[in-house]
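Below is one structure; the comments refer to it alone.
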Protein chains: 2
Amino acid sequence: MAMAKKSTLVLVAERAGVSIASVSRVLNGLPASDRVVESVRAAARDLGYVPDATARSLKVGKTEQVALAVADVGNPVYVAMMHEISRVIAKDGYRLVLSSTGGAAQDEIDLLDNLNRGFADGLILSPLRVTDDLVARLRESRLPIVIIGSLPDGVELDNVRADSVRGVGLAVKHLAKQGRRQIAFINGPIDTVPGAARLGGYLRAMAKRELVVHPDAQVYASDFTFKAGLEAAESLISQFTPDAIVCANDLLAVAAMKVITRRGLSVPGDIALVGMDDTDIAELANPSLTSVNLGSVARARAAAKLLLRRLNDPGAPVKQIVIEPRLTIRESSIGPAQAATS
Amino acid sequence: MAMAKKSTLVLVAERAGVSIASVSRVLNGLPASDRVVESVRAAARDLGYVPDATARSLKVGKTEQVALAVADVGNPVYVAMMHEISRVIAKDGYRLVLSSTGGAAQDEIDLLDNLNRGFADGLILSPLRVTDDLVARLRESRLPIVIIGSLPDGVELDNVRADSVRGVGLAVKHLAKQGRRQIAFINGPIDTVPGAARLGGYLRAMAKRELVVHPDAQVYASDFTFKAGLEAAESLISQFTPDAIVCANDLLAVAAMKVITRRGLSVPGDIALVGMDDTDIAELANPSLTSVNLGSVARARAAAKLLLRRLNDPGAPVKQIVIEPRLTIRESSIGPAQAATS
DNA sequence: AGGCTATCTGTAAACGTTTACAAGAACGTT
DNA sequence: AACGTTCTTGTAAACGTTTACAGATAGCCT
């Protein structure tokens, strides 16, 4: 079989002895006489005809592509989301275009400008930082956008969010139940949406249980990465010895785990550990990591479905979905604290 | 600012009082008089004009998109590759379209058919299993394809591969130098390209050092996943106690680590561990994992550049690149084996 | 048989660009 | 002043589809 030459509707029409309109109709399953259907099918098969996606897109105004923009492709939680979104939209014949932004709000704005070129029919965006400017641009965008993550109050955009506040609450509650009292918190950057929410959740949960928040019990990693987590954990442990740590993310938690064992302390014996996001990493960790499942996959699925709905029905009312967190308990947090040296 | 209405060349031309050809030329930086340039720029700005990507694609026959198909999006090594490819091609103005195949050869063939619809200008493919049929289809494809991974001899396609055989060799050599003698091997499925290569590398390296391969010292995981790794490691350890294990992949290695410590043995005290791919996971593992760096990122970059080269120059000679492996030594393999019970 | 409807098919326009071509303007040269 | 260059601009065709519309053909009813 020779390298397939590009063949068009015109070629097929000639070979089948019909007009291009008939070819198009047959190939799209519109009604036609048996005679025409057969000759077109045969001609198309013989020529190895495949319709051109670009031409079709131009004519029908749909690209069959959905863009996904996440801040940090390195974070396993985004990988899981990407995977799920890809799966859901593929069922409706959409492809996934990846637009990795750097996490800076400006990148996301650039992306929006770009989107208006019309290379995708819709966008799923998970911004780390939400500026007023970004919100304004999102509002005036011509094409459907679904946001994964929290938005400022009153912003009416399709949106799927996790309940981070309750999520951190679950972690604190669980640790308190295990008898832990000195519960520290390793957060990510406080100027990000998740960072801010998780801090709020921590403070609220501690207050609710009348647990005292030691002044040195909170640190911020400069980033939601493992490396930043190592530094943050070092700085925490060197100032204060908690009997439990809640981490804003699994990567930070795994980093803390490493710092703790490196100091000769044990998890959960000396310090119990809870992460967030419940990514694959939590399962791999040794000991395995208790983690707050913020429903990443569920959020991804919901976002994808929301976008599909809007693509099919642009006038549908705005929908905002909150996914409830669950706690996945693993080895890193179970059992009471070991008695100290004594 | 109202929601930007879609504006076309025609609108801009009217407002600027010139022909659409002039508008197109100005916007593409072709020579024009100052008067025209200015009025077009102004009109375009006022109308918030953005050119339509689809129409442009149809006309110039380029989509500015590159498709990436990998077998398993869950594997961190692919995530790293994806990231790097995205970075490299973005510099040349290309977008990345993700096509996750299931790893079955058929999926990849379907993908190729799909590609002929012309939604992308080129493809980077990393097949897990390479069948004759797949090779045939790759050969006759109309658009540029770069393969990441090994191909059967004599297949002339742009290709970037790792030297798995030498890679496993590095691992065995390192372990032997540390005084380990009972070196076991946890492989992935043997019918995959990497599985086959890594097995060959193991056997060769063991033979070269006159190390005896105990009949129970090799197991195959059903998959390159953590879960399959747990089972494989269990089955290995329950039959045979090695003093070192080489794993075909980091996920398998981390699984082995877990099984080992769960049995009360220590890494590297009792059993030294070496993974492959040198993914982020190796760094996160506790103890951190020595891993054979098969140059995933380098391969990704090379593949992306190869594809860009071919897009710019379709007639360029076929190039096959081999990336040399390096060993990244971490905690899981250093030091001699602990004396047993005695 | 006439007319009405239903079904099928072809003609042609349209989607929004890029670009070959030709016409026109500006300018220097002899 | 006539001519050749060079530069700028507009006209129109083209990319490969889909689809509105109208003809044509056939079927049905009265």
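Nothing here was measured: the structure is a model prediction, and the numbers come from that model. In what follows, chains carry the letters A, B, and so on, assigned in the order in which the sequence lines appear, proteins first and then strands, with residues in each chain numbered from 1.
Across all non-hydrogen atoms, the minimal contact from B/V66 to B/Y94 is CG2-CD2, 3.8 Å. A pairwise comparison of heavy atoms in A/L311 and A/K62 identifies O-NZ, 4.0 Å as the closest pair.
Note: NZ (A/K62) to C1' (D/dG16) measures 20 Å, nearest angstrom. Rounded to an integer number of Å, the gap from NZ of A/K59 to P of C/dA12 is 16 Å. Rounded to an integer number of Å, the gap from B/L58 CG to D/dG16 C1' is 6 Å. Straight-line distance from the CG atom of A/N28 to the C1' atom of D/dG16: 13 Å, rounded to whole Å. For A/L9 and C/dG10, the CG to P distance is 13 Å, given to the nearest whole Å. Atom CG in A/L11 sits roughly 12 Å away from atom P in D/dC15 (whole-Å rounding). Atom CG in B/D52 sits roughly 19 Å away from atom P in D/dC15 (whole-Å rounding). Residue A/L30 contributes atom CG, which lies 11 Å from atom P of C/dC8 at whole-angstrom precision.
Judged purely by atom type and a 3.5 angstrom limit, A/R310 uses its side chain to pair as donor or acceptor with the backbone of A/P317. Checked by atom type and distance alone, the side chain of B/R301 never pairs as donor or acceptor with a backbone atom of B/E84 at under 3.5 Å. Between the side chain of A/N28 and the main chain of A/L30, no donor-acceptor pair closer than 3.5 Å is present.
One donor-acceptor pair, N or O on each side, does fall under 3.5 Å between the base of C/dG10 and the side chain of A/R25.
Axis angle between the ends of the helix from C/dA1-D/dT30 to C/dT30-D/dA1, five pairs each and rounded to 10 degrees, works out to 50°.
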Tell me which donor-acceptor pairs under 3.5 Å the side chains of residues 8-15 of chain B have, and how far apart each pair is, sequence neighbours excluded?
| residue | atom | partner | partner atom | Å |
| --- | --- | --- | --- | --- |
| B/T8 | OG1 | B/V10 | N | 3.2 |
| B/R15 | NH1 | B/D46 | OD2 | 2.7 |

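Within the nucleic acid shown, A/A21 comes within 4.0 Å of at least one base atom, counting heavy atoms only. Using a 4.0 Å heavy-atom distance criterion, A/V36 is classed as a sugar-phosphate-only contact.
Both B/V37 and A/P51 lie close to DNA chain D; mapped to their nearest nucleotides by heavy-atom distance, the more 5′-ward contact belongs to B/V37. Between B/A55 and B/R35, the one whose closest nucleotide on DNA chain D sits nearer the 5' end is B/R35. Each of A/S33 and A/I20 lies near DNA chain C, and the nucleotide nearest A/S33 is the one positioned closer to the 5' end.
Within the structure, a side-chain polar atom (N or O) of A/S22 is placed less than 4.0 Å from OP1 or OP2 of C/dG10. The phosphate of D/dG16 has neither OP1 nor OP2 within less than 4.0 Å of any side-chain N or O from A/T8. Residue A/S24 places at least one side-chain N or O under 4.0 Å from the OP1 or OP2 atom of D/dT18.
The A/S19 side chain lies nearest to C/dG10 when the options are C/dG10, D/dA14, D/dG10. Across C/dT17, C/dT19, D/dT9, the shortest atom-to-atom separation from the side chain of B/A32 is found for D/dT9. Distances were taken from every side-chain heavy atom of A/R56 (C-beta onward) to each of D/dT17, D/dG10, C/dT9; the shortest belongs to D/dT17.
With respect to B/P127, the side-chain contact (heavy atoms from CB on, under 4.5 Å) criterion is satisfied by exactly one of B/L138, B/L134, B/L151, B/V193: B/L134.
Summarising the local packing, CG of B/D313 is surrounded by more than 12 heavy atoms from other residues, nucleotides or ligands at distances under 6.0 Å.
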